[in-house]
Q: 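First the structure, which I've put down as structure tokens, then a few questions once you've had a look.
Note that the numbering runs from 1 along the sequence shown for the chain.
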Amino acid sequence: MPATWLRLREIELRLKSVKNIEKITKSMKMIASTKLAKAQRAMQSGKQYGLANSGAFLFVVSSDKGLCGGIHSSVSKATRRAIADTEKPVDSDSPIMVIGDKSKVQLSRVLAKNLAMSFNQIGRDIPTFADAAGVADLIVKSDVKYDGISIVYNKFVSANALKESAGFRAYEMEDDVTKDLADRNAMDNASKNAKDMIDRLTMQYNRGRQAAITNELVDIITGASAL
């Protein structure tokens with residue numbers, strides 16, 4: 001077989017391989033598109049639920065004893081600000097759970113209706129996982145309704161300073177949407193690249209085949225003329 005036809009055979013095999021890849025990427029794009037649509041519906045439903053149920057459970061961490069500066073008042077003030085701030089996912093009816101008698105007393109003066117649970121005698125020694133598990137178990141077994149949890153606590157800054165902190169964590173589904181969108185776009189780009197390669201290989205194959213046929217015809221005509 002002439003070298004030209006061997007080259008065309010290689011192009012033909014490569015073209016077949018790329019077409020198979022294109023079929024796979026198109027199928028994967030369809031799967032990713034389906035998953036994306038599902039994730040978007042779930043995200044919208046979750047956001048609608050979140051708008052309808054914006055109660056965050058405020059978990060205030062303090063202690064039972066006084067004579068320790070403003071650590072109790074700082075978390076109490078941060079809790080009151082969170083309740084009053086309309087831009088954060090906490091409404092005026094958000095339930096509050098307090099660890100520590102001092103902050104409980106302070107918050108009961110202004111937010112008594114929000115106090116759902118309180119604990120004391122926790123943290124007298126170094127806190128353990130068993131302490132945290134016991135508190136979490138009581139929260140789970142309670143009838144308190146909430147959509148998210150914010151922990152209000154004193155954050156260690158340095159040996160001379162503490163800073164109150166409120167950590168809000170919203171468990172949304174946007175990560176799933178982002179991932180599925182990235183997957184779909186990746187497969188879409190791969191399909192487009194495969195199509196471009198198919199077009200180039202098809203053109204290369206057709207030109208090569210036409211050239212090979214033309215050369216063979218020239219050889220036939222030249223041979224016939226020589227006779």
Q: Could you list the donor-acceptor pairs under 3.5 angstrom formed by side chains in residues 201-210, with sequence neighbours left out?
A:
| from | atom 1 | to | atom 2 | distance (Å) |
| --- | --- | --- | --- | --- |
| Thr202 | OG1 | Ile198 | O | 2.7 |
| Asn206 | ND2 | Thr202 | O | 3.2 |

Q: Walk me through whether Met187 and Arg184 qualify under side chain to side chain contact (heavy atoms under 4.5 Å, CB included).
A: CA-CA 5 Å; Met187 291 303 102; Arg184 189 200 67 178; 6.0 Å; no

Q: Considering residues at least two apart in sequence or located in another chain, which fulfil the side chain to side chain contact (heavy atoms under 4.5 Å, CB included) criterion with Asn120?
A: Asp64, Asp101

Q: Could you measure the distance from the CD1 atom of Ile139 to the CZ atom of Phe119? Nearest 0.5 Å is fine.
A: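 The CZ atom of Phe119 is 5.5 Å from CD1 of Ile139, to the nearest 0.5 Å.
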
Q: Go through the structure and list residues passing side chain to side chain donor-acceptor pair (under 3.5 Å) with Lys19, not counting sequence neighbours.
A: none

Q: Identify, with sequence neighbours excluded, every residue that meets salt bridge (Lys or Arg N to Asp or Glu O under 4.0 Å) alongside Lys16.
A: none

Q: Could you tell me if the side chain of Met97 sits less than 4.5 Å from the side chain of Ser118, heavy atoms only?
A: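 SC-SC contact between Ser118 and Met97 ruled out.
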
Q: At what distance, to the nearest 0.5 angstrom, does OG of Ser76 lie from NZ of Lys104?
A: 13.0 Å

Q: What distance do Arg9 atom CZ and Ile11 atom CD1 have between them, rounded to the nearest 0.5 Å?
A: 12.0 Å

Q: I'd like to know if the side chain of Ser108 and the backbone of Val105 have a donor-acceptor N/O pair within less than 3.5 Å.
A: yes

Q: Pairs under 3.5 angstrom only: tabulate donor-acceptor contacts from the side chains of residues 22-30 to other protein residues two or more places apart or in another chain.
A:
| from | atom 1 | to | atom 2 | distance (Å) |
| --- | --- | --- | --- | --- |
| Thr25 | OG1 | Ile21 | O | 3.2 |
| Thr25 | OG1 | Glu22 | O | 2.9 |
| Thr25 | OG1 | Ser191 | OG | 2.9 |
| Ser27 | OG | Lys23 | O | 3.0 |
| Lys29 | NZ | Asp188 | OD1 | 2.9 |

Q: Has Asn114 got a side-chain atom pairing as donor or acceptor with Pro95's backbone, closer than 3.5 angstrom?
A: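 No, the answer is negative, given that no donor and acceptor are paired below the 3.5 Å cut-off.
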
Q: Does the distance from a Lys or Arg side-chain N to an Asp or Glu carboxylate O, for Asp196 and Lys192, drop under 4.0 Å?
A: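 No, this pair does not count.
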
Q: Using side-chain heavy atoms (C-beta onward) and a distance below 4.5 Å, is Val98 in contact with Phe59?
A: no

Q: Can you check whether Arg14's main-chain N or O pairs, donor with acceptor, with Ser17's side chain at less than 3.5 Å?
A: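 Here the side-chain-to-backbone pair does not exist.
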
Q: Test Leu107 against every option in Val75, Leu58, Val60 by the side-chain contact (heavy atoms from CB on, under 4.5 Å) rule and name the one that passes.
A: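 Single side-chain contact (heavy atoms from CB on, under 4.5 Å) partner of Leu107 among Val75, Leu58, Val60: Val60.
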
Q: Tell me every residue that passes side chain to side chain contact (heavy atoms under 4.5 Å, CB included) with Ile31, counting only those two or more places apart in sequence or in another chain.
A: Lys35

